[in-house]
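Index from 1, following the sequence. These numbers come from a predicted model, not from an experiment.
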Amino acid sequence: YRSHVEESGLKVEQLVFNTLFTKAPTCITAADAEVQRPAHVRLLDYEIELVLVLRRPLRAGDVVTANNLHQWLAGVTIVNDLSARDVQLPQAQFYKGKSYRGFGPVGPGLVLLEPAEWLRWPELHMRLSVNGQRRQDTYCGDMLYRPDATLTELAATHDLNPGDLIATGTPAGCAARA
C-alpha cells in the first residue's frame with residue numbers, strides 16, 4: 001500500500017517490483033483465537049490485509065484482468081498478518097518472522113462477491129483497532145499492485161488452488177515505523 005511504503009521511509013517510485021512472500025499454512029487460525037507470542041519475540045506487530053480467496057486453479061500462463069477477476073476469485077476476507085519484527089527485519093526473514101503458529105488470524109467473515117462487485121474492490125474499506133484505538137484505516141484503492149496483476153504474476157511463479165488465500169499487503173499504521 002502506498003501509505004505503508006511512505007511510513008516505512010521508502011519512496012513508491014523506488015519499488016518497481018511487487019513484494020511477494022509466503023506464510024506457513026500452520027500460521028492460519030481463527031480471527032478470535034488467542035495469539036501465542038513465542039518467548040523470544042519482543043516486537044510483535046499487526047497488519048490488517050485484504051485477502052483474496054481463489055475460486056479456481058491458477059496455472060502457468062493464466063492471465064487475470066480487471067474484467068475477468070470474478071472468474072478467478074470467490075470472495076474476500078481479512079487477515080491480521082502478525083509479524084515478529086525483531087526476527088523479520090534484522091534477519092531479513094519475512095517467512096520466519098510471519099509464520100509462527102497462529103500468526104495469521106483470518107476472518108471472521110467471508111464475503112462472496114458477484115461479478116460486478118469485483119470491479120469495486122478499490123472501494124473496500126479496512127480498519128484495525130488495538131484496545132479501542134484505531135491504528136489502520138484505509139481503502140483498498142491505496143494498494144500498489146492490483147489483484148489482477150498480482151494473480152497474473154503469481155501464476156507465472158507457481159500453481160494456486162481453489163481456497164488458497166492471497167493477502168494483498170497492509171496500509172499505514174503498523175506499530176513498526178521507519
Side-chain angles (χ1 to χ4, degrees), residues 1-4 7 18-39 41 43-58 64 66 69-85 87-88 94-148 150-151 154 160-176:
Y1 280 65
R2 180 173 306 279
S3 59
H4 184 55
E7 83 171 345
N18 196 348
T19 301
L20 301 174
F21 61 88
T22 60
K23 286 179 73 105
T26 54
C27 79
I28 301 300
T29 190
D32 60 354
E34 187 172 330
V35 174
Q36 299 296 317
R37 180 178 53 82
V41 172
L43 301 174
L44 183 59
D45 206 351
Y46 51 82
E47 296 183 22
I48 190 172
E49 299 195 20
L50 177 72
V51 173
L52 309 173
V53 182
L54 252 63
R55 171 188 303 274
R56 65 185 246 204
L58 187 66
V64 182
L69 197 57
H70 66 280
Q71 294 174 13
W72 301 98
L73 297 174
V76 295
T77 189
I78 293 294
V79 66
N80 186 352
D81 177 19
L82 296 170
S83 304
R85 299 292 190 206
V87 173
Q88 176 193 342
F94 276 86
Y95 181 81
K96 186 176 172 184
K98 292 173 170 282
S99 290
Y100 291 99
R101 288 170 190 83
F103 271 30
V106 176
L110 168 65
V111 179
L112 302 176
L113 298 177
E114 296 294 326
E117 292 175 309
W118 280 108
L119 296 171
R120 299 182 59 195
W121 70 263
E123 300 171 39
L124 294 173
H125 193 184
M126 298 189 300
R127 291 187 190 116
L128 180 136
S129 296
V130 176
N131 298 325
Q133 180 186 9
R134 182 147 318 143
R135 301 283 179 89
Q136 294 182 282
D137 188 350
T138 197
Y139 287 92
C140 292
D142 185 42
M143 196 181 297
L144 288 177
Y145 292 91
R146 299 179 330 267
D148 54 297
T150 297
L151 290 173
L154 285 171
L160 293 167
N161 297 302
D164 281 353
L165 306 177
I166 296 106
T168 58
T170 195
C174 297

Novice: Crowded around R101 CZ? As in, over 12 foreign heavy atoms under 6.0 Å?
Specialist: no
Novice: What distance separates T138 OG1 from H125 NE2, expressed to the nearest 0.5 Å?
Specialist: 6.5 Å
Novice: How far does CG of L73 sit from CH2 of W121, to the nearest 0.5 angstrom?
Specialist: 11.5 Å
Novice: Does any N or O in the side chain of S83 come within less than 3.5 Å of the main-chain N or O of D81, such that one atom is a donor and the other an acceptor?
Specialist: yes
Novice: Which distance, rounded to the nearest 0.5 Å, do you find between the SG of C27 and the OH of Y95?
Specialist: 8.5 Å
Novice: Could you walk me through whether V76 and L52 satisfy the side chain to side chain contact (heavy atoms under 4.5 Å, CB included) test, starting with their C-alpha distance in whole Å, then the side-chain angles of each, then the deciding distance to 0.1 Å, before giving a yes or no?
Specialist: CA-CA 5 Å; V76 295; L52 309 173; 4.2 Å; yes
Novice: Can you give me the closest heavy-atom contact between A66 and L119, atom names plus distance?
Specialist: O-CD2, 3.4 Å
Novice: Would you say the side chain of V51 lies within less than 4.5 Å of the side chain of V106, judging by non-hydrogen atoms?
Specialist: no
Novice: Does F94 have more than 12 heavy atoms from other residues, nucleotides or ligands lying within 6.0 Å of its CZ?
Specialist: no
Novice: Measure the CG-CD distance between L112 and E114 for me, rounded to the nearest 0.5 Å.
Specialist: 8.5 Å
Novice: Is the backbone of A175 close enough, under 3.5 Å, to the side chain of D45 for a donor and an acceptor to pair up by distance?
Specialist: yes
Novice: Is the shortest heavy-atom distance from the side chain of Y1 to the side chain of M126 under 4.5 Å?
Specialist: yes
Novice: Using the side chain to side chain contact (heavy atoms under 4.5 Å, CB included) rule, take L58 and V64 through it: C-alpha gap first, then chi angles, then the decisive distance, then the call.
Specialist: CA-CA 9 Å; L58 187 66; V64 182; 3.9 Å; yes
Novice: Looking at every heavy atom in both Y100 and A84, which two are closest together, and how far apart are they?
Specialist: CE1-CB, 4.0 Å
Novice: Under the salt bridge (Lys or Arg N to Asp or Glu O under 4.0 Å) rule, collect the residues that match up with E47, sequence neighbours excluded.
Specialist: R85, K98
Novice: Would you call F103 and L44 a side-chain contact if the rule is heavy atoms closer than 4.5 Å?
Specialist: yes
Novice: Using 0.5 Å steps for rounding, measure from the CG atom of N80 to the OH atom of Y46.
Specialist: 9.5 Å
Novice: Side chains of residues 161-174: which donor-acceptor pairs under 3.5 Å do they make with residues two or more places apart or in other chains?
Specialist:
| unit_1 | atom_1 | unit_2 | atom_2 | d |
| --- | --- | --- | --- | --- |
| N161 | OD1 | R59 | NH1 | 3.2 |
| N161 | OD1 | R59 | NH2 | 3.0 |
| D164 | OD2 | N161 | N | 2.7 |
| T168 | OG1 | L50 | O | 2.8 |
| T170 | OG1 | I48 | O | 2.9 |
| T170 | OG1 | Q136 | NE2 | 2.7 |

Novice: In Å, rounded to the nearest 0.5 Å, how long is the span from CG of L82 to OG of S99?
Specialist: 11.0 Å
Novice: What heavy-atom pair brings T29 and G102 nearest, and what distance separates the two atoms?
Specialist: CG2-O, 3.7 Å
Novice: Are L128 and I78 packed together at the side-chain level, in the sense that at least one heavy-atom pair is separated by less than 4.5 angstrom?
Specialist: no
Novice: If you count every heavy atom of other residues, nucleotides or ligands that lies below 6.0 Å from R120 atom CZ, does the total exceed 12?
Specialist: no
